[in-house]
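Reading through the structure tokens given below for one structure.
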Amino acid sequence: MKRPHYHVYVVALDDRVWNVARFRRANPGYVLGRPFVYVGMTGLDPDLRFDKHKAGIQANRFVQDHGLHLLPALYERYNPMRYAEAQALEVELGIRLRALGYGVWQA
């Protein structure tokens with residue numbers, strides 16, 4: 001069996017992302033003052049994946065346009081993991097952060 005090498009990651013987004021109607025519609029429970037974030041998963045190191053987003057390589061538009069930096073305190077304790085675990089945790093982490101009032105985007 002291959003060793004686990006998948007990662008979940010969280011990117012802080014600039015407050016201007018709230019000006020995008022599509023983002024606002026996806027976050028009806030957003031609590032004023034909470035962070036805006038993108039939650040993703042990758043088979044790469046999260047730092048490398050963030051750099052690719054910013055360079056426009058297989059990028060999510062919100063991260064490319066509004067991504068500020070990674071928030072390792074929210075994800076690094078989980079990594080690395082197997083593919084199925086990363087898939088499930090990506091969704092679960094997004095749900096948890098939304099429940100805390102964060103503005104969240106997931107691809």
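By convention here, the first residue in the shown sequence is residue 1.
- For the pair Glu85/Val8, no side-chain contact is recorded, criterion being any heavy-atom separation below 4.5 Å from C-beta on.
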List the atom pairs, donor and acceptor, that lie under 3.5 Å between side-chain atoms in residues 65-72 and the rest of the protein, sequence neighbours left out.
none

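- Between Tyr30 and Trp18, the ring-plane angle classifies as tilted under the 30° and 60° cut-offs.
- Proximity of the aromatic rings of Tyr9 and Tyr75 is defined here by a centroid distance below 6.0 angstrom, and this criterion is not met.
- Gln106 places a side-chain N or O within 3.5 Å of a backbone atom of Glu90 that can act as its donor or acceptor partner.
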- Task: Show the numbers, then the answer: is there a side chain to side chain contact (heavy atoms under 4.5 Å, CB included) between Leu89 and Arg96?
- Result: CA-CA 10 Å; Leu89 184 60; Arg96 278 193 230 155; 3.9 Å; yes
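- For the pair Asn60 (side chain) and Val63 (backbone), a donor-acceptor distance under 3.5 Å is present.
- By the side-chain contact (heavy atoms from CB on, under 4.5 Å) test, Arg77 is found to be paired with no residue, residues two or more places apart in sequence or in another chain being considered.
- Put simply, CZ on Arg22 and CZ on Phe62 are 5.0 Å apart, with the number rounded to the nearest 0.5 Å.
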With a 3.5 Å cut-off and sequence neighbours excluded, list the donor-acceptor pairs that the side chains of residues 33-45 form with protein atoms.
unit_1 : atom_1 : unit_2 : atom_2 : d
Arg34  : NE     : Leu100 : O      : 3.2
Thr42  : OG1    : Leu44  : N      : 3.0
Asp45  : OD2    : Asp47  : N      : 2.9

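- Shortest non-hydrogen contact noted between Pro4 and Pro80 is O-CB, 3.6 Å.
- The minimum heavy-atom distance linking Ala59 with His53 is given by the pair CB-O, 3.2 Å.
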- Query: For Phe23 and Leu13, what are the C-alpha separation, side-chain angles and deciding distance, and is it a side chain to side chain contact (heavy atoms under 4.5 Å, CB included)?
  - Reply: CA-CA 11 Å; Phe23 191 92; Leu13 301 175; 3.9 Å; yes
- Query: Can Tyr6 and Arg82 be said to form a side chain to side chain contact (heavy atoms under 4.5 Å, CB included), step by step?
  - Reply: CA-CA 6 Å; Tyr6 289 91; Arg82 301 198 189 292; 5.7 Å; no
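- Other residues, nucleotides and ligands contribute at most 12 non-hydrogen atoms within 6.0 Å of the CZ atom of Arg61.
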